[in-house]
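What follows is a single structure, written as structure tokens, with notes after it.
Bear in mind that the values here come from a model prediction, so they are computed numbers and not experimental data.
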Protein chains: 2
Amino acid sequence: MQDDLEVVREAGDRDGLLDRIRRLVLGGDFPPGAVVPEAFLAQEFDVSRTPIREALKQLQHEGLVEIRPKVGTFVREPTRREIIELFQLKESLEGLAASLLARRGDVQELSVLRRNLEESEMASLTHDTDAYARLVHEFHWTIVRGSDNRKLVEHYERLMNQLAYQRLVLRTVEHPGRLEASTREHRAVLDMIEHKDPFGAESAMRNHVHASSREALTDPAPDRRN
Amino acid sequence: MQDDLEVVREAGDRDGLLDRIRRLVLGGDFPPGAVVPEAFLAQEFDVSRTPIREALKQLQHEGLVEIRPKVGTFVREPTRREIIELFQLKESLEGLAASLLARRGDVQELSVLRRNLEESEMASLTHDTDAYARLVHEFHWTIVRGSDNRKLVEHYERLMNQLAYQRLVLRTVEHPGRLEASTREHRAVLDMIEHKDPFGAESAMRNHVHASSREALTDPAPDRRN
DNA sequence: AAAGCCTATGTTGCATGCATCAGGGGCGTC
DNA sequence: GACGCCCCTGATGCATGCAACATAGGCTTT
């Protein structure tokens with residue numbers, strides 16, 4: 001049930017080098033805006049600069065870093081505007097995913113989602129926000145994977161990488177009352193999927209994402225620099 | 001009004017090398033499934049293999065080629081299933097774009113779209129399918145760009161690259177009666193946008209994409225190998 | 001003749017070296 | 001003291017060379 005997506009190694013990806021560097025960047029080990037010298041990464045991963053450069057170029061393509069020619073590679077922090085744009089996309093893609101899953105009506109996914117929802121309610125009651133954030137993450141991913149549309153999964157993955165989801169989800173979860181509302185919305189989505197109502201599922205999911213995005217974009221940790 | 005998107009050169013992209021190789025691959029100059037040796041491209045573009053490799057890795061990431069480690073780079077032809085998946089995404093993304101444009105109600109884009117629609121009707125009457133295909137292409141791109149959501153544009157671009165649009169659009173256009181129906185659907189979309197009705201615009205656009213995708217996936221040039 | 005091994009070849013994967021250039025700091029000038 | 005010029009440093013961008021490996025084809029063996 002864990003991230004067994006993308007088990008396939010990219011060509012020549014020395015033991016998943018791309019993934020490791022991506023985690024380094026996403027993990028916030030580097031302050032956003034900081035430079036990430038190729039030589040440092042090369043030494044860090046004990047390879048030459050060549051494969052490092054290839055990986056960095058991919059990360060640039062993914063929008064995670066910015067490579068300023070002849071200057072260096074910088075960790076890219078999405079602007080507020082980009083976050084809004086990404087949430088609009090998220091709403092659309094997850095809506096599609098919910099719709100497709102509802103149409104398929106796959107029992108396998110449904111039981112996973114039901115179980116997830118139960119655990120979420122538990123975490124909600126005990127106010128275990130960490131567990132809750134993790135469960136939300138799994139809930140959404142399960143639905144996206146359940147769409148059985150690999151291209152959708154790929155695009156969603158790119159999207160989520162750029163959103164640096166973890167922090168934002170935590171923000172959302174910390175809003176008073178949001179946690180309970182979120183759970184209700186999840187249940188609504190699951191209901192619609194169980195009723196095999198693609199349109200309703202899409203609508204419910206979009207409502208949910210929209211709501212959570214509004215919370216993610218307000219108050220806690222203002223950080224209005226962008 | 002031409003593809004002035006992505007004018008910015010990627011870092012170290014020796015004069016748009018990535019774009020040039022992408023065009024080579026998309027242009028069908030290589031038979032799908034054929035190998036594209038790095039050495040050949042290196043000679044072709046008069047650079048060393050290093051920047052070629054970087055570009056090829058990106059193309060793999062875009063899903064346009066497949067790099068089999070230690071074997072070679074192969075032009076990737078989407079399977080029928082992938083085409084279906086991509087059209088589902090297309091429907092969703094263009095629906096979002098239409099919705100956003102309708103909400104913005106930008107006059108600039110509207111006049112472009114009106115003009116495009118007029119020309120389309122001309123091409124429809126004279127059965128100039130080439131011109132029609134080009135106009136359809138512009139119509140959709142104008143709406144996507146008009147969404148004023150750059151991330152959406154980026155994802156759409158990736159999507160369309162994988163769809164090798166040209167061929168499929170031509171297929172669609174060659175369906176009897178489809179050409180007129182397509183024009184009507186375009187008008188419906190534009191109407192909704194002009195009325196600043198996001199929901200209606202999204203719906204109209206999704207209907208249109210869905211219809212055209214159904215045609216694109218049937219009869220002409222069966223090619224059921226996948 | 002069929003099957004299996006083995007070598008030959010073409011290609012990739014990566015390390016290394018060098019040219020190039022952006023930016024910073026020091027110096028001189030006004 | 002402020003401004004501007006110039007060199008210097010550090011990093012990148014790319015070419016090149018070599019090792020490793022997947023595949024094909026022939027050869028041997030049964």
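- Residues forming a salt bridge (charged side-chain N to carboxylate O under 4.0 Å, His left out) with A/R206 (at least two apart in sequence, or on another chain): A/E91, A/E202, B/E202.
- The side chain of A/S48 has C/dT16 as its nearest neighbour among C/dG13, D/dC14, C/dT16.
- Looking at B/R134 and B/E138, a side-chain N of the basic residue comes within less than 4.0 Å of a carboxylate O on the acidic one, giving a salt bridge.
- Rounded to an integer number of Å, the gap from CD of B/Q43 to P of C/dT11 is 12 Å.
- Between the C1' atom of D/dA15 and the CD atom of B/E38 lies a distance of 14 Å, rounded to the nearest Å.
- By the salt bridge (charged side-chain N to carboxylate O under 4.0 Å, His left out) test, B/R49 is found to be paired with B/E38, residues two or more places apart in sequence or in another chain being considered.
- Note: CG (B/L18) to C1' (D/dG13) measures 16 Å, nearest angstrom.
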Report all interatomic pairs (protein N or O, nucleotide N or O of nucleotides 18-26 of chain C) with separations under 3.5 Å.
from, atom 1, to, atom 2, distance (Å)
C/dT20, O2, A/K70, NZ, 2.7

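- If you measure from atom CZ of B/F45 to atom C1' of D/dC14, you get 17 Å, rounded to the nearest angstrom.
- Shown here are the salt bridge (charged side-chain N to carboxylate O under 4.0 Å, His left out) partners of A/D106, two or more places apart in sequence or in another chain: A/R104.
- Relative to the ring axis of A/F74, A/R68 places its NZ or CZ within 45° and under 6.0 Å from the centre.
- Put simply, CD1 on B/I52 is 12 Å from C1' on D/dC14, counting in whole angstrom units.
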Grab the N/O contacts between the protein and nucleotides 6-9 of chain D below 3.5 Å, and write none if there aren't any.
none

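- Taking CD1 from A/I21 and CG from A/L56, the interatomic distance works out to 5.0 Å, rounded to the nearest 0.5 Å.
- B/R114 is linked by a salt bridge (charged side-chain N to carboxylate O under 4.0 Å, His left out) to B/E194, counting only residues two or more places apart in sequence or in another chain.
- Distance B/D46 CG to D/dG13 P: 19 Å, rounded to the nearest Å.
- A salt bridge links B/R81 to A/D148: one of the charged nitrogens lies within less than 4.0 Å of a carboxylate oxygen.
- Shown here for A/E82 and A/E77, the closest heavy-atom pair between the two residues is OE1-O, 4.5 Å.
- Heavy-atom distances to DNA chain C give each of B/T50 and B/A39 a nearest nucleotide, and the one nearer the 5′ end belongs to B/A39.
- In terms of phosphate contacts, A/R53 brings no side-chain nitrogen or oxygen within less than 4.0 Å of OP1 or OP2 of D/dT12.
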